[in-house]
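We name chains A, B, ... by the order of the sequence lines, and we start the count at 1 in each one. Nothing here was measured: the structure is a model prediction, and the numbers come from that model.
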Amino acid sequence: METIGGFAIWFGVIGRFWPVWLGLAIIMGLSYAFKNRLGLYGQLYDSGVGIAGLAIVLFWILTAMFADSIAPFDPIEQFGLLKRKPPGVIEPGSGIPFFFGADNLGRDLFSRMVQGSKFVLTIAPAATLVAFMVGITLGLPAGYFGGRIDTVLTFLANLVLAFPVILLFYLLVTPGVRETPIPTTMAAVFFIFPVIMFATLFKTGYGARPVLFWTLMAFTAVIGGWLYLGLVFNRDPLGIVGLDPNELNIFAAVVFASSPGVFRIVRGLTMDIKTRDYVAAAQTRGEGPWYIMLWEVLPNARGPLIVDGCLRIGYTTILLGTLGFFGLGLSPESPDWGSMINQTRGFIRLVPTIVLPQTIALASLVLGLNLLADGLREQSLKD
Amino acid sequence: MFILRRLGVMLLTMLTLTLIVFALVNLEPNLKKLALEQNNNRMTQEAVDSWLEQEGYKRPLLVRYGEWLGNSLKGDFGYSTRFRKPVNEVMPERLGYTGILAFWVMATMVPGALIIGVLAGMREGSKTDRSLSVFSIATTATPEYVSGILFTVVFASWLGLLKGVSKAGDVSFENFALPVMTMSIYGMGYIARMTRASMAEVMTSQYIRTARLKGMSFGAIVTKHALRNALIAPFTVIMLQFPWLLTGVVIVEKLFNYKGFGWLLVEAADNNDIDLVLACSLVSVAVVIVTQLLSDIGYAFLNPRIRVQ
């Protein structure tokens, strides 16, 4: 079987990623040129750690976007002759090399790694976003009002946090659970929070301006209802948004596992911010509690929340990898990184390189997010 | 009074969580899976139903939960269907193996993390600080199933120094090095960052400046004045590492096929071994809650300023 050398492999890989390099150059070049006008995002370009993190994260985002043109092969197509071949082996049919070799079933590792980024980069940020909405909607009143609401909600959050994550997933993400209404119910409960949050946000902010208010409310109802139908019940009338039952199961479990953490942070920040003078001023003006929470406290808590969001997306990426590693919830065909690690790790004795692409991909994405969070924290503390 | 209230909340937490686990393992599809697993997978729906009926799985959930609770309070955790032995015979042995592993992880992770954190926080912004900070970010960003595999590739496949699997109960360097290294490096970064932050804060405080102005050497300031106060905050973080250690243990034990508590938990959950899953979750939840309580008490003990209330 013909192979290509180490130099040719790297040259080929760098060549395949050309849309990513182009995109990176355009985005980072433009941002650097206008960095003074871009606020906190622009300030990132002043710190080395921030630039490094941003570059890695952007690299993976662009890879996910252009995955179909980067990956030379279908990620689930099996080439029986090429099972467990080392990097650089040429596929005889098309003459295109397997840059990173083939896995135990003869699938191209490079294509699988590239396609795997799509799964991670859609589920992880989306689940984190929903977890944030849930955490914010519950954390603000808990921190602001204190008292009984706080006691009950904190107890519930600690309940979930006391659970070992793995056990939680083993119980919640199984084919058995998917036969019951539990995942759909959980998703239905979680997805209602963004709608509640936006409705309250508009009500408190624009309640005095009926035209604007009702337009925004109609907008929320339409978009929210559409996403709700598509994501929770998989019955999107337009057929654009949809989640398979197993993906919904994973999504709900991940949101469930990470929202208590967000809740705790939001609660802590609210308790700190509510003692500030501008909150006292708003109270004296006679503003309602929800106005103060959503328009005074929340915007002032954004710095730590953005940093935590970056870290949490990284953490969710690790969680999704863990799910794949334990073979929970994902189909064996699926090219996500965790499942790939799990399927190939038995063959490290024969071909040590077989596990490298997916492990390094996962670690680099999480590292990028952590560096980005660190850069953001450093820059937001400066002023 | 405070501690009594905490104990009450702890009990309530444990009760609620075991009830939730109980409800989840007793879902209809899970019971069916159990029936099939226990009877060689060839069964009609009627046979499954009659088996469940006969074994008493069809009684109301709360009655059975009450029964389980009563028995556990007497110290009888039921019967493991996977291992076909009482839970009390299966679990202590596995817990012991994991205990040894956890001990070595803590014994390498905590000193390592504290040294890194103190060195980095001692002179904030210096070259040492920057490189150690990047190192600790990199370690927290690499989950166990990634670092463990990378270490196996390097140390077992390429260098041939260590083995890729670990046998339970064999405390030797070659057997333990990989799992311990994998877990302690992942946890080290986090503790080191906390230590660094706390150390950096202490180094800017008034009494350190006073000590410096009276002419003490830098080394003496760090060891005599700064360290004591800087190590209070990391104490809490270290205590809170135990629950995380549990999750890590499950991954690492599966990765290196080390048959300890984590391996047991996975086996139990995979086979829907009801009593064993319940016992495992009880143990892990107890570990989490007790360490939380200990960290709060310990924090109050170490830091007299918050003891006033």
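The nearest pair of heavy atoms linking A:A162 to B:L17 is CB-CD1, 4.1 Å. Closest non-hydrogen pair, A:L167 versus B:S281, comes out as CD2-CB, 3.1 Å. Taking all atoms of both residues into account, the shortest heavy-atom contact from A:I318 to B:T140 is CD1-O, 4.4 Å.
Using a 4.5 Å cut-off between heavy atoms, B:V146 contacts chain A through both its backbone and its side chain. Within the 4.5 angstrom heavy-atom criterion, no atom of A:L168 approaches chain B. Contacts between B:I251 and chain A at a heavy-atom distance below 4.5 Å involve backbone atoms as well as side-chain atoms.
When B:I289, B:V21, B:V277, B:V154 are compared by the number of non-hydrogen pairs under 4.5 Å with chain A, B:V21 comes out ahead. Of the listed residues (B:L150, B:I20, B:V266, B:N272), the one with the most heavy-atom contacts under 4.5 Å to chain A is B:V266. The greatest number of non-hydrogen atom pairs below 4.5 Å with chain A, out of B:V285, B:V25, B:V134, B:D270, is found for B:D270. Comparing A:A373, A:G321, A:G338, A:A363 by heavy-atom pairs within less than 4.5 Å of chain B, the highest count is held by A:G321. Ranked by heavy-atom pairs shorter than 4.5 Å toward chain B, the options A:N158, A:L159, A:T317, A:L367 are led by A:L159.
Few gaps surround CZ on A:R345; more than 12 heavy atoms of other groups in view lie less than 6.0 Å from it.
Note: A:D374 CG to B:S136 OG = 8.5 Å, rounded to the nearest 0.5 Å. Between B:Y145 atom OH and A:T322 atom OG1 the span is 4.0 Å, to the nearest 0.5 Å. Note that CG of A:L161 and OG1 of B:T13 are 11.0 Å apart. Values are rounded to the nearest 0.5 Å.
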